Peer 1: 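Following this message is one structure expressed as structure tokens.
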Amino acid sequence: MKVQDFINTLGVEFFTGVPDSQLKALCNYLIDTYGIDEKHHVIAANEGNCVGVAAGYHLATGKVPLVYMQNSGEGNIINPLASLLNDKVYAIPTVFVIGWRGEPGVHDEPQHIYQGEVTVKLMEDMGVPVMIIGKDTTTDELSAKWQEFKKVLDEGKQVAFVVRKEALSFDGKVKYENEYDLVREEIIRHITDATGEDMIVSTTGKASRELFEIREAKGQPHGYDFLTVGSMGHSSSIAFGIAAQKPDKKIWIIDGDGALLMHMGSMALMGTNAPKNVVHIVINNGAHETVGGQPTVAGKIDVVAIAKGCGYPNAVSVASLDELDKVLADAKSKNELSLIEVKCGIGARDDLGRPTTTARENKENFMEFLRR
């Protein structure tokens with residue numbers, strides 16, 4: 001189904017979400033049609049954030065908003081869905097569009113398997129009726145279901161469309177780029193040069209995939225690294241938990257700007273406690289690159305100022321490899337919490353692979369190296 005037909009059938013005028021590769025057609029259509037426009041289209045920090053924005057839109061206009069997300073974001077919406085939108089509370093009608101990663105019977109990465117199994121059930125358990133959109137879904141079928149859904153929305157309730165792989169299409173072309181030249185994979189290679197045998201906790205997405213391949217190319221053990229293949233936004237919290245129990249170990253975090261934004265409260269926790277054995281590196285390309293390159297707001301905020309405001313005693317921003325090497329060496333020698341923001345271009349190798357070890361193998365190898 002063409003995404004234009006999907007949107008026209010629903011007649012919705014306001015969209016907010018967190019981008020997803022399964023919903024790339026929808027995301028690109030919205031960027032192509034509206035760009036980032038607070039009146040019509042907002043990319044939020046996390047899915048719960050989206051629900052709040054959507055609620056505000058309804059309060060201001062009386063109209064029905066649409067919230068889009070990957071199914072991994074369902075966990076972030078459960079609280080506001082139950083305690084804000086629900087018809088027993090404020091009765092705020094909302095349309096959810098959810099990309100179905102890990103659909104049973106469809107091969108996907110390990111972090112999506114269980115989430116895929118419970119995607120529809122989670123929404124139904126929350127009292128949200130679901131229509132599954134597949135490649136063969138027709139506009140007539142969508143229109144008929146939408147007539148049913150409108151009655152649900154009129155009662156101050158919510159509805160959801162769960163979208164299968166390649167179910168929506170968009171013929172337009174959208175190019176995502178920024179002003180920076182550094183390549184993330186090269187940045188990570190320089191980080192591994194500087195960290196030596198220290199432990200690294202890396203964020204979800206291409207950063208962890210690149211780190212894995214760099215270790216392969218160097219013939220280095222994968223046990224140095226905990227690859228946070230899911231749980232976007234929680235890498236720094238994982239690292240904090242490790243660092244507190246292993247004060248004699250240097251722990252490095254390779255974070256992304258989208259992940260940092262998703263759960264920024266972790267910076268306050270980190271800065272307030274200021275573990276001396278942590279270096280927090282944020283590779284900032286201002287984009288949700290792993291799922292398509294759609295923009296984040298991180299290109300317009302001062303990450304260093306935020307870190308310092310949260311209590312990080314050391315925080316710097318760099319945009320060249322020479323600068324990066326200097327601050328990495330400085331952080332390595334310090335016995336004090338540091339944050340390094342690295343301004344980065346958008347892009348990755350087309351042939352970038354995925355980890356060949358399982359998530360459980362990664363965990364066990366990492367724990368074994370920590371014990372040594």
Side-chain angles (χ1 to χ4, degrees), residues 3-4 6-7 10 12-58 60-61 63-77 80-81 85 94-99 101 160-161 163 168 170 172-180 203-207 232-234 255-265 282-303 306 343-347:
V3 71
Q4 297 96 320
F6 178 74
I7 296 301
L10 272 52
V12 177
E13 300 174 8
F14 179 80
F15 310 84
T16 180
V18 176
D20 169 41
S21 57
Q22 210 88 310
L23 301 177
K24 190 173 182 180
L26 173 63
C27 296
N28 286 348
Y29 168 80
L30 293 174
I31 290 291
D32 186 62
T33 304
Y34 302 111
I36 302 299
D37 171 13
E38 62 187 21
K39 294 287 188 182
H40 298 285
H41 179 222
V42 174
I43 295 178
N46 65 52
E47 294 81 5
N49 184 194
C50 297
V51 172
V53 172
Y57 169 81
H58 173 75
T61 66
K63 297 179 181 179
V64 177
L66 184 151
V67 173
Y68 64 87
M69 70 189 82
Q70 185 181 113
N71 54 350
S72 60
E74 284 181 317
N76 283 335
I77 69 168
L81 175 54
L85 303 186
T94 305
V95 177
F96 292 105
V97 177
I98 303 169
R101 296 297 304 269
F161 296 96
V163 180
L168 297 177
F170 175 58
K173 301 294 183 182
V174 181
K175 185 175 182 180
Y176 300 105
E177 57 188 0
N178 63 27
E179 60 187 285
Y180 298 104
T203 190
T204 188
K206 290 182 179 177
M232 182 173 170
H234 292 300
D255 219 343
D257 55 291
L260 185 80
L261 291 168
M262 184 161 281
H263 295 294
M264 196 179 282
V282 181
I283 301 177
N284 185 358
N285 61 8
H288 288 285
E289 188 192 329
T290 298
V291 294
Q294 300 84 1
T296 73
V297 298
K300 298 180 179 179
I301 65 174
D302 191 336
V303 173
I306 292 168
K343 299 286 192 177
C344 176
I346 299 173

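This structure is a prediction, so every number in the text was calculated from the model and none was measured.
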Peer 1: Name every donor-acceptor pair, under 3.5 Å, that has one atom in a side chain of residues 22-34 and the other anywhere in the protein, sequence neighbours excluded.
Peer 2:
from : atom 1 : to   : atom 2 : distance (Å)
Q22  : NE2    : W100 : O      : 2.8
N28  : OD1    : Y176 : OH     : 2.8
T33  : OG1    : Y29  : O      : 2.7

Peer 1: Among I98, L66, L10, whose side-chain contact (heavy atoms from CB on, under 4.5 Å) with F161 holds?
Peer 2: L10
Peer 1: I'd like to know whether V18 forms a side chain to side chain contact (heavy atoms under 4.5 Å, CB included) with M262, so could you lay out the CA-CA distance, the side-chain angles of the two residues, the decisive distance to 0.1 Å, and finally the verdict.
Peer 2: CA-CA 9 Å; V18 176; M262 184 161 281; 4.0 Å; yes
Peer 1: How far apart are the closest heavy atoms of T203 and A259, and which atoms are they?
Peer 2: OG1-CB, 3.4 Å
Peer 1: Which heavy atom in H288 sits nearest to a heavy atom in G258, and how many Å separate them?
Peer 2: CE1-CA, 4.1 Å
Peer 1: For V297, what residues pass the side-chain contact (heavy atoms from CB on, under 4.5 Å) criterion, not counting sequence neighbours?
Peer 2: L261
Peer 1: Hey, could you give me each pair passing salt bridge (charged side-chain N to carboxylate O under 4.0 Å, His left out) that has a residue in residues 289-302? Not counting sequence neighbours.
Peer 2: R184-E289, K206-E289
Peer 1: Determine whether Y68 and I43 make a side-chain contact, defined as any pair of heavy atoms from C-beta on separated by less than 4.5 Å.
Peer 2: yes
Peer 1: Return the set of residues passing side-chain hydrogen bond (donor to acceptor under 3.5 Å, both in side chains) with Y57 (not counting sequence neighbours), or none when no residue passes.
Peer 2: none
Peer 1: Could you tell me which residues satisfy side-chain contact (heavy atoms from CB on, under 4.5 Å) with V51, sequence neighbours excluded, listed by chain and number?
Peer 2: I77, P80, L84, L85, F96
Peer 1: Can you name the residues that form a side-chain hydrogen bond (donor to acceptor under 3.5 Å, both in side chains) with S72, not counting sequence neighbours?
Peer 2: Q70
Peer 1: Suppose we screen for side-chain hydrogen bond (donor to acceptor under 3.5 Å, both in side chains). Which residues come up paired with E38, at least two apart in sequence or across chains?
Peer 2: none
Peer 1: Can you list the residues that meet the side-chain hydrogen bond (donor to acceptor under 3.5 Å, both in side chains) rule with N178, with sequence neighbours excluded?
Peer 2: none
Peer 1: Should T204 and T290 be marked as a side chain to side chain contact (heavy atoms under 4.5 Å, CB included) after you check the CA-CA gap, both sets of side-chain angles, and the distance that decides it?
Peer 2: CA-CA 9 Å; T204 188; T290 298; over 6 Å; no
Peer 1: What pairs with E177 under side-chain contact (heavy atoms from CB on, under 4.5 Å), at least two apart in sequence or on another chain?
Peer 2: K175
Peer 1: For H58, check ring-ring contact (aromatic ring centres under 6.0 Å, His included) against everything at least two apart and list the hits.
Peer 2: none
Peer 1: Specify the closest pair of heavy atoms between M264 and I301, including all atoms of both residues, with the distance to one decimal.
Peer 2: CE-CD1, 4.2 Å
Peer 1: Are N76 and H263 side-chain neighbours, meaning at least one heavy-atom pair lies under 4.5 Å?
Peer 2: yes
Peer 1: Taking only residues two or more places apart in sequence or in another chain, which ones pass side-chain contact (heavy atoms from CB on, under 4.5 Å) with T16?
Peer 2: F14, V42, A44, C50, V53, A54, V67
Peer 1: Hey, is the main chain of F15 close enough, under 3.5 Å, to the side chain of H40 for a donor-acceptor pair?
Peer 2: no
Peer 1: Name the residue from N284, D257, N285 that meets the side-chain hydrogen bond (donor to acceptor under 3.5 Å, both in side chains) definition with T296.
Peer 2: D257
Peer 1: If every non-hydrogen atom of H41 is compared with every non-hydrogen atom of G35, which pair is closest and at what distance?
Peer 2: ND1-O, 2.8 Å
